[in-house]
2 protein chains.
Amino acid sequence: MTDTGNQHPRTDTVASVVRQWHAVHPSLDTGPMEVIGRINRCAALLQQAEDAPLRRAGLSRAEFDLLGALRRTGHELTPGELARETFSSGAAVTKRVKQLTERGLVERRGDTRDRRVSHLRLTDAGRDLVDGILPEQLAYEEAVLSVLAPAGQEELSGLLAGLLDGLEGRLGALRG
Amino acid sequence: MTDTGNQHPRTDTVASVVRQWHAVHPSLDTGPMEVIGRINRCAALLQQAEDAPLRRAGLSRAEFDLLGALRRTGHELTPGELARETFSSGAAVTKRVKQLTERGLVERRGDTRDRRVSHLRLTDAGRDLVDGILPEQLAYEEAVLSVLAPAGQEELSGLLAGLLDGLEGRLGALRG
DNA sequence: AACAGGTATTTCACCAGTAAAAGATTTGTC
DNA sequence: GACAAATCTTTTACTGGTGAAATACCTGTT
């Protein structure tokens, strides 16, 4: 229970952007901006912050995501599966895998039945790297998030899960 | 009140990632991942969705942000101020301004006292474009967010404001 | 008035990502 | 069994962004 007070005198940048819009277009419903603008801004700031511990290990976030996908699934993945798993294009996966293979963190194996596909797995070095970084990374993220009380973090987590669940389910249907 | 049921059978992708990590490293505290992972994923999905109405007007989100900054402040801005206002590099602003000027949406005026700086403002066409798009854009965002009940949206907005307020205040101090 | 140092903006070289085409292989159908 | 369509991956051409150097200008000091 840090005693920083409950009514914030400082206001976040999105709030002041919204205030500016109100001055120009008083009738505008800025509700969506307050949610989406903040999500975007938080994402930008967090990613910048998150990068710090990874960069020390010489990894970009995208590279770490790829290694993490291999680690957490516990089995080999094809490039296509990795692309789906990390939400990026196949081309990006190709590039990253090439680099990570050269660094000795990832290995490939051709499929014997279907020679179009290859199977990717972590090397021992790759697994050790992920296992070494992850706790550090989570501790750092914890520190960054600690501006919010634990209860707030959980509440936030729950609301975002609801939003995300909805978005992932419906998004295709809303092609405006 | 759509009758989709209140306890979600479907689970968001971050939840299943977390479950995978737990299976591999049961002792890991994945709390931070659940918040940050969801923020990032929501940001990615929302930006993809958001792009739709803007693209119809031939604008990228970055370009719209620049025009919006000029519109909402209500006065001219220098390139440097625009960079700060839109959280991007000066180089990026230079490029965008060049394009938008060629399209007749933005005008420049040199400062008479200090010839290093220039002042940028919307043309009439630029202002009309922003004013035309913005309500459409907000309505679209509203539709996208409607997977969350209004009360949930407000709660989310408030929590994010708290997080953002903290992050913007402290972030420099946490250089890991 | 000349120069050092600071500031505003643009240019340059480069990087990571994408979409679409190309390449390679499998699968289904006649 | 051969050809068309589908599938998996890589290559290609390009885009939009960045940091750092370059450019242009101002300001204060001597």
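Given the structure is predicted, the values throughout are model-derived calculations rather than measurements. Throughout, protein chains are lettered first and strands after them, A, B, ... in sequence-line order, and every chain is numbered starting at 1. Below, all heavy atoms of this structure are taken into account, side chains as well, without hydrogens, waters or symmetry copies.
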Where the side chain of B:Gln48 meets the backbone of B:Leu45, is there a donor-acceptor pair that is under 3.5 Å apart?
->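 No; judged by distance alone, with no hydrogens or angles, the pair does not exist.
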For [N], take OP1 and OP2 only and decide whether either is under 4.0 Å from a side-chain N or O of [X].
| X | N | answer |
| --- | --- | --- |
| A:Arg108 | D:dT10 | yes |
| A:Thr78 | D:dT9 | yes |
| A:Arg115 | C:dT27 | no |

Choose from D:dG19, D:dT10, D:dC8 the nucleotide whose nearest atom is closest to any side-chain atom of A:Thr94.
->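 Minimum distance to the A:Thr94 side chain belongs to D:dT10.
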What nucleotide among D:dG17, C:dT9, C:dT18 has an atom nearest to a side-chain atom of B:Pro79?
->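 So the nucleotide nearest the side chain must be C:dT9.
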Do B:Thr73 and A:Gln20 have side-chain N/O donor and acceptor atoms under 3.5 Å apart?
->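 Side-chain D/A pair, B:Thr73 to A:Gln20: absent.
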Return the value, rounded to whole Å, for the distance between atom [atom1] of [X] and atom [atom2] of [N].
| X | N | atom1 | atom2 | answer |
| --- | --- | --- | --- | --- |
| A:Lys95 | D:dT11 | NZ | P | 11 Å |
| A:Gln99 | D:dT10 | CD | C1' | 16 Å |
| A:Glu76 | D:dC8 | CD | C1' | 16 Å |
| A:Lys98 | C:dC15 | NZ | P | 14 Å |
| A:Leu66 | D:dT9 | CG | C1' | 15 Å |
| A:Leu120 | D:dC8 | CG | C1' | 12 Å |
| B:Arg109 | C:dT9 | CZ | P | 12 Å |
| A:Arg113 | C:dT26 | CZ | C1' | 13 Å |

Using the closest heavy atom to pick a nucleotide of DNA chain C for each, name whichever of B:Gly80 or A:Arg96 lands nearer the 5' end.
->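 Its nearest nucleotide lies further toward 5', so the answer is B:Gly80.
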Taking the nucleotide of DNA chain C with the closest heavy atom to each, which residue, A:Ala62 or B:Asp114, is nearer the 5' end?
->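 Result: B:Asp114.
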Could you tell me whether [X] contacts a base, only the sugar-phosphate backbone, or nothing, with contacts defined as non-hydrogen atoms closer than 4.0 Å?
| X | result |
| --- | --- |
| B:Ser118 | sugar-phosphate |
| B:Arg61 | nothing |
| B:Ser60 | nothing |

Kindly compute the distance separating CG (B:Leu46) from CG (B:Leu145), expressed to the nearest 0.5 Å.
->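 Between atom CG of B:Leu46 and atom CG of B:Leu145 there are 6.5 Å.
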Worked verdict on B:Ser88 versus B:Arg96 for side-chain hydrogen bond (donor to acceptor under 3.5 Å, both in side chains) = CA-CA 11 Å; B:Ser88 57; B:Arg96 277 174 219 143; 3.2 Å; yes
Looking only at N and O atoms, is any donor in the side chain of A:Arg116 or the base of D:dT9 less than 3.5 Å from an acceptor on the other one?
->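 Looking at the base of D:dT9, it does not pair with any donor or acceptor on the side chain of A:Arg116 (distance under 3.5 Å).
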Salt bridge B:Arg38-B:Glu34, side-chain N to carboxylate O under 4.0 Å =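 Looking at B:Arg38 and B:Glu34, the cut-off is met.
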